[in-house]
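Structure first, then comments.
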Amino acid sequence: MKRKIQALAAAVLSLQVGFCFAAGAQDAERLGKDLTPLGGEKAGNKDGSIPVWSGTEAAQPGWSHGKKRVDFWKYKSDKPLFSIDASNVDKYADKLTPGQIALFKQIKGYRMDIYPPHRDCGAPGFVLENTKKNATTAVLAPEGWFLKEAYMPGIPFPLPKNGAEVMLNGKYHYRGVGVEYKPMFTAISPRKGSADWIKAADDLIWYMPWGKKGSTLLSSMPPVEWYIHFGYTAPAALAGQALNITMHTNEPGSEAFYYFPGQRRVRRMPTYAYDAPQIGFENQYTMDEPEVFMGTLDRFDWKLVGKKEIYVAYNSFGGYNFSGKFEDFAQRDFVNPADRHYELHRVWVVNATVKAGMRHSAPKRTFYLDEDSWNYLGAEDYDGQGKIWKVRESYLIPVYETGSCDASAFAQYNLADGRYLVDMHAAGTGTDISYSVEGNGPRFNASYYTSENLRAMSER
């Protein structure tokens, strides 16, 4: 009798698995048809204020690295349709996030210029092929917060079923194999009553081994989501300090090694992750805040709220104007409105709540991800009293080298302290961000990111 029950249970399970696979395969066939190849809705919205997805945006003829990207953007002559400020924010509140509304209410002079929307974010063919395979093969780990298996590079879950899958899509959106910033300015606006900015200059390389061209199973690669190396060159208080970080695909937190020139030694930083404040920035900047989110998912429960139409900083080239002046881009209380280009788009909305037994300085967070490219476009952090504390937004552009879109440059507004920061941009640096699709040279090798190499580089 026991064997019969076991056999019946196995048969039922087999039918369930077969049904789920068939359903998944059927849904996967929607990619490239009524859905974009990366999983967005191909159609526009009912009133036409969001257009039909049109495919990958290529640079106009004549662009090469070192030339201003916006000059070769197809729609560079667009003019604003209207502007939103404190006087009319309530009229547009249904197309704004709670954080955006708070910025209008609390920051004098804050403005958003709204432009005609364009949906030109795609990806190279090998990314699209991997994404379609992932629709039926990608696996979320049983722990529920990291990616166990997928074909890379590709979007793991183009048909997401939960918030963790959406967030992982954001982490693995295609941006090539590496991004270099030479140099970059991490800047924090002055304290109240002061005029002194914190403006740190550094060189940074960000290497993502899974971004290599082709089709490779994640499980066949070393379990590394990314490596980062950066070294400060200014101001004097930070100059000479350098850091190597490894983020693993299947482990919480990160592995960080920090070089302190005054001690002439490399120190392992086992807790330099999550909400740990970054050294030198007066508790304004934590380790998981760059580019809206750069952490592991293990400390939060992730709830998929659904989709929403909102105004987001899209085709927003101001943060990539390396030949302009930094002071023109980063004004006293906010990023120059002329450098922020907003369009109406559909975004995925995910709520994050700290798990029981875990801690984080922001016990609740909300994230907004682009439906077409899976970039993180914005976020709100709430404090322990449930008030909006920090508001982040990124500035998405088409990246001509990769054939995809990326939202590297970003700003974060601390409403409690009345300060804001900008990072991961090129504004005023004199050198454009460099996206690599090949990954040649020593910086695209795991040995570059060891503690031993950090010491060798720092002590030269």
Side-chain angles (χ1 to χ4, degrees), residues 141 143-148 152 156 164 167-173 175 177-181 184 186 200 202-211 218 221-232 238 241-260 265-281 283-300 302 352 354-355 358-362 365 367 376 379 381 392 408 410 412 423-424 443-455 457-458:
E143 291 85 346
W145 61 266
F146 69 89
L147 181 61
K148 183 176 182 181
M152 305 306 290
M167 294 298 290
L168 287 167
N169 287 348
K171 291 167 77 67
Y172 290 100
H173 77 273
R175 62 196 316 188
V177 73
V179 189
E180 294 185 81
Y181 307 78
M184 180 176 68
T186 303
D202 63 274
D203 290 343
L204 184 146
I205 171 68
W206 190 354
Y207 169 40
M208 293 144 286
W210 52 266
L218 187 68
M221 295 183 279
V224 173
E225 183 182 330
W226 47 257
Y227 300 99
I228 279 180
H229 166 80
F230 66 87
Y232 292 110
L238 291 173
Q241 295 183 21
L243 181 65
N244 276 359
I245 307 176
T246 301
M247 179 73 78
H248 294 280
T249 58
N250 57 358
E251 295 180 13
S254 60
E255 185 178 36
F257 295 95
Y258 207 115
Y259 177 78
F260 293 92
R265 61 174 293 192
V266 171
R267 293 181 58 186
R268 186 171 183 272
M269 308 280 278
T271 61
Y272 205 46
Y274 301 107
D275 56 351
Q278 294 195 35
I279 293 171
F281 296 103
N283 293 321
Q284 293 295 309
Y285 199 8
T286 69
M287 290 299 293
D288 65 1
E289 291 171 347
E291 293 196 332
V292 178
F293 181 69
M294 196 186 283
T296 48
L297 306 184
D298 58 302
R299 290 193 178 182
F300 291 87
W302 303 90
V354 170
K355 291 179 179 178
M358 295 285 192
R359 65 158 303 280
H360 194 281
S361 58
R365 305 169 116 175
F367 292 89
Y376 301 118
D381 289 357
R392 289 185 292 285
S408 175
F410 86 104
Q412 173 172 276
D423 200 7
M424 310 301 281
R443 286 186 159 200
F444 298 95
N445 191 299
S447 62
Y448 188 86
Y449 301 90
T450 64
S451 59
E452 293 80 10
N453 192 51
L454 177 62
R455 180 179 295 106
M457 289 189 294
S458 301

Answer yes or no: is there a side-chain heavy-atom contact under 4.5 Å between [X] and [Y]?
X: Ile205; Y: Tyr227; value: no
X: Tyr376; Y: His173; value: no
X: Val224; Y: His248; value: yes
X: Tyr272; Y: Tyr258; value: yes
X: Tyr274; Y: Thr296; value: yes
X: Met294; Y: Ile228; value: yes
X: Thr249; Y: Trp210; value: no

Counting distance only, does the side-chain N/O of [X] pair as donor-acceptor with the main-chain N or O of [Y] below 3.5 Å?
X: Trp302; Y: Phe300; answer: yes
X: Asp275; Y: Ser361; answer: yes
X: Tyr449; Y: Arg443; answer: yes
X: Arg455; Y: Tyr259; answer: no
X: Gln412; Y: Gln284; answer: yes
X: Lys171; Y: Gly295; answer: yes

Would you give the length of the straight line joining atom [atom1] of [X] to atom [atom2] of [Y], rounded to the nearest 0.5 angstrom?
X: Ser254; Y: Asn244; atom1: OG; atom2: CG; result: 11.5 Å
X: Met184; Y: Leu204; atom1: CE; atom2: CG; result: 4.5 Å
X: His229; Y: Leu454; atom1: NE2; atom2: CG; result: 6.5 Å
X: Glu251; Y: Phe146; atom1: CD; atom2: CZ; result: 9.0 Å

### Query
Can you name the residues that form a ring-ring contact (aromatic ring centres under 6.0 Å, His included) with Phe444, not counting sequence neighbours?
Tyr207
### Query
According to the interplanar angle, ranging from 0 to 90°, do the rings of Tyr285 and Phe281 count as parallel (below 30°), tilted (30 to 60°) or perpendicular (above 60°)?
perpendicular
Who are the salt bridge (Lys or Arg N to Asp or Glu O under 4.0 Å) partners of [X], not counting sequence neighbours?
X: Arg267; answer: none
X: Arg268; answer: none
X: Arg175; answer: Glu291, Asp406

Over all heavy atoms of both residues, which pair between [X] and [Y] is shortest? Give the atoms and the distance, please.
X: Val354; Y: Ala362; value: CG2-O, 3.9 Å
X: Ala256; Y: Leu243; value: CB-CD1, 4.3 Å
X: Phe410; Y: Val292; value: CD1-N, 4.1 Å
X: Pro290; Y: Gln278; value: CG-NE2, 3.7 Å
X: Leu147; Y: Leu168; value: N-CD1, 3.9 Å
X: Asp202; Y: Thr186; value: OD1-OG1, 3.6 Å

### Query
Can you list the residues that meet the side chain to side chain contact (heavy atoms under 4.5 Å, CB included) rule with Asn445, with sequence neighbours excluded?
Ser447
### Summary
Sequence neighbours excluded, the answer for side-chain hydrogen bond (donor to acceptor under 3.5 Å, both in side chains) partners of Asp288 is Thr286, His360, Arg365
### Query
So, for Phe367 and Phe293, is the gap between ring centers shorter than 6.0 Å?
yes
### Task
Taking the six-membered ring for Trp and the single ring otherwise, decide whether the centroids of Phe230 and Tyr232 are under 6.0 Å apart.
yes
### Query
Side-chain donor-acceptor pair under 3.5 Å between Tyr181 and Ser408, yes or no?
yes
### Query
Salt bridge or not for Asp381 and Arg392, using N-O below 4.0 Å?
yes
